[in-house]
Amino acid sequence: MRKLKNSELDRLSVDDFKLVKKTPIIIVLDNIRSLNNIGSVFRTSDAFLIKKIYLCGITAKPPHKDIHKTALGSTDTVDWEYIENTMDLVKTLQAEKIKVCAIEQAENATILNNFKPEADTTYALVFGNEVKGVDQNVVSASDTVIEIPQFGTKHSLNISVSCGVVVWDVFSKLNN
């Protein structure tokens, strides 16, 4: 078995990426501190043709060298917008019939394995601050809460890892 060269991967150009049909997933970053995490979320979003990223609160915005370091140009492909108040965004998205899903550990949360996305529905996946998680008001206002099952001693995953796990799972279920 031979590793493929980048030239053999048949990736989209930036222009083609802008035109291709997107996955009905929106990412909401609620007060993310780490610029490397933000860049990593952009890169994951590019990989899975995410519709849009919303950067909220203290979440930094491109262009920034530390975001660029991990995003590797995906800030130029994935649509994004800054909205100061996450709760305002949640209300707007819900008014547009987008299902808001907080990714958090909470009472009565749906375990990711059991989450069944509906066809013809757009989902906004909300990922929270590295220390405090998704703001409680946002969790309370969400249409559902999805929890990533964990079996070790730690209580959480890095935000960029959480995003990769959840996006891959929902993307896979939507494309089956």
Side-chain angles (χ1 to χ4, degrees), residues 17-18 21-64 66-68 70-71 74-110 112 115-148 156-171 174:
F17 184 94
K18 294 289 188 183
K21 182 180 178 193
K22 301 299 186 288
T23 306
I25 296 173
I26 293 167
I27 304 293
V28 177
L29 298 182
D30 180 30
N31 291 300
I32 303 302
R33 296 179 312 164
S34 165
L35 284 80
N36 290 324
N37 280 337
I38 297 163
S40 182
V41 169
F42 267 94
R43 199 158 146 198
T44 297
S45 297
D46 176 281
F48 296 105
L49 299 172
I50 297 305
K51 191 173 190 170
K52 189 168 189 174
I53 298 173
Y54 285 98
L55 309 169
C56 301
I58 66 166
T59 307
K61 307 176 287 280
H64 191 288
D66 289 335
I67 294 174
H68 181 72
T70 49
S74 56
T75 56
D76 297 328
T77 55
V78 180
D79 285 342
W80 65 271
E81 183 178 344
Y82 176 78
I83 302 288
E84 184 174 354
N85 188 292
T86 309
M87 276 303 298
D88 291 345
L89 174 61
V90 166
K91 291 174 188 173
T92 299
L93 293 171
Q94 289 172 326
E96 295 172 6
K97 305 293 186 227
I98 294 169
K99 294 211 174 185
V100 176
C101 307
I103 311 304
E104 189 56 87
Q105 298 164 332
E107 295 173 332
N108 303 312
T110 300
L112 180 59
F115 178 69
K116 294 180 177 33
E118 302 167 16
D120 302 319
T121 301
T122 299
Y123 291 90
L125 307 175
V126 184
F127 296 90
N129 179 276
E130 292 88 342
V131 174
K132 299 177 182 177
V134 178
D135 182 88
Q136 180 61 56
N137 291 329
V138 173
V139 171
S140 297
S142 294
D143 297 301
T144 192
V145 178
I146 299 171
E147 182 175 337
I148 302 169
S156 65
L157 295 167
N158 179 285
I159 170 64
S160 64
V161 172
S162 294
C163 183
V165 167
V166 174
V167 167
W168 166 246
D169 184 81
V170 176
F171 177 89
L174 288 170

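Throughout, residue positions are numbered sequentially from 1 according to the sequence presented.
- In this structure, the side-chain contact (heavy atoms from CB on, under 4.5 Å) partners of Thr23, at least two apart in sequence or on a different chain, are Ile25, Leu49, Phe171, Leu174.
- Lys22 contributes a side-chain N or O that, together with a main-chain N or O of Phe17, makes up a donor-acceptor pair within less than 3.5 Å.
- The side-chain contact (heavy atoms from CB on, under 4.5 Å) check on Ala47 picks up nothing, with sequence neighbours excluded.
- In terms of the side-chain contact (heavy atoms from CB on, under 4.5 Å) criterion, Asp120 has no residue partners (sequence neighbours excluded).
- Taking OG1 of Thr75 as the reference point, atom CH2 of Trp80 lies at 8.0 Å (rounded to 0.5 Å).
- Counting only residues at least two apart or on different chains, the side-chain hydrogen bond (donor to acceptor under 3.5 Å, both in side chains) pairs with a member in residues 39-50 are Asp46-Thr77.
- Ile53 CD1 to Ile38 CD1: the interatomic distance, rounded to the nearest 0.5 Å, is 10.0 Å.
- Minimum interatomic distance between Gly39 and Ser74 (heavy atoms only, all atoms of both residues): O-OG, 4.4 Å.
- Under the salt bridge (charged side-chain N to carboxylate O under 4.0 Å, His left out) criterion, Asp169 pairs with Lys173, not counting sequence neighbours.
- In the displayed structure, Asn108 atom CG is contacted under 6.0 Å by at most 12 heavy atoms of other residues, nucleotides or ligands.
- Partners of Glu96 under the salt bridge (charged side-chain N to carboxylate O under 4.0 Å, His left out) rule, at least two apart in sequence or in another chain, do not exist in this structure.
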Apply side-chain contact (heavy atoms from CB on, under 4.5 Å) to Thr86 and Asp135, showing your working. CA-CA 9 Å; Thr86 309; Asp135 182 88; over 6 Å; no
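- Partners of Thr121 according to the side-chain hydrogen bond (donor to acceptor under 3.5 Å, both in side chains) rule, which considers only residues two or more places apart in sequence or in another chain, do not exist here.
- The side-chain contact (heavy atoms from CB on, under 4.5 Å) check on Asn36 picks up Ser34, Asp66, Lys69, Thr70, with sequence neighbours excluded.
- Between Trp168 and Phe48, the ring-plane angle classifies as tilted under the 30° and 60° cut-offs.
- Counting only heavy atoms from C-beta outward, the side chains of Ile67 and Pro63 never approach each other to under 4.5 Å.
- Listed by chain and number, the residues in a salt bridge (charged side-chain N to carboxylate O under 4.0 Å, His left out) with Lys91 amount to none (sequence neighbours excluded).
- Partners of Phe115 under the ring-ring contact (aromatic ring centres under 6.0 Å, His included) rule, at least two apart in sequence or in another chain, are Tyr123.
- With a 4.5 Å cut-off on side-chain heavy atoms, Val166 and Leu112 count as touching.
- In this structure, Ala124 and Leu93 approach most closely via the heavy-atom pair CB-CD1, 3.7 Å.
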Residues Ile148, Leu157; criterion side-chain contact (heavy atoms from CB on, under 4.5 Å); working and verdict: CA-CA 9 Å; Ile148 302 169; Leu157 295 167; 3.9 Å; yes
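- How far CG of Asn31 is from CD1 of Ile58: 5.0 Å, rounded to the nearest 0.5 Å.
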Derivation and outcome, side-chain contact (heavy atoms from CB on, under 4.5 Å), residues Thr92 and Ile83: CA-CA 11 Å; Thr92 299; Ile83 302 288; over 6 Å; no
Test Lys18 against Asp79 for side-chain contact (heavy atoms from CB on, under 4.5 Å), laying out the working first. CA-CA 9 Å; Lys18 294 289 188 183; Asp79 285 342; 3.3 Å; yes
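- Under the rule for a ring-ring contact (aromatic ring centres under 6.0 Å, His included), Phe127 has no partner lying at least two apart in sequence or in another chain.
- Rounding to the nearest 0.5 Å places CG of Leu55 at 11.5 Å from CG of Asp30.
- Between Phe42 and Pro62 the shortest heavy-atom distance is CZ-CG, 4.0 Å.
- Residues Gln94 and Asp143 have side chains in contact (heavy-atom distance under 4.5 Å, counting atoms from C-beta outward).
- Atom CD of Glu84 has 12 or fewer heavy atoms from other residues, nucleotides or ligands within 6.0 Å.
- Distance CD1/Ile50 to CG/Leu125: 7.5 Å, rounded to 0.5 Å.
- A search for salt bridge (charged side-chain N to carboxylate O under 4.0 Å, His left out) contacts involving Lys51 returns nothing, not counting sequence neighbours.
- Side-chain atoms of Glu104 come within 3.5 Å of backbone atoms of Val134 as a donor-acceptor pair (strictly under, hydrogens ignored).
- With rounding to the nearest 0.5 angstrom, the CD1 atom of Ile146 is 12.0 Å from the OG atom of Ser162.
- Ile159 places a side-chain heavy atom less than 4.5 Å from the side chain of Ile32.
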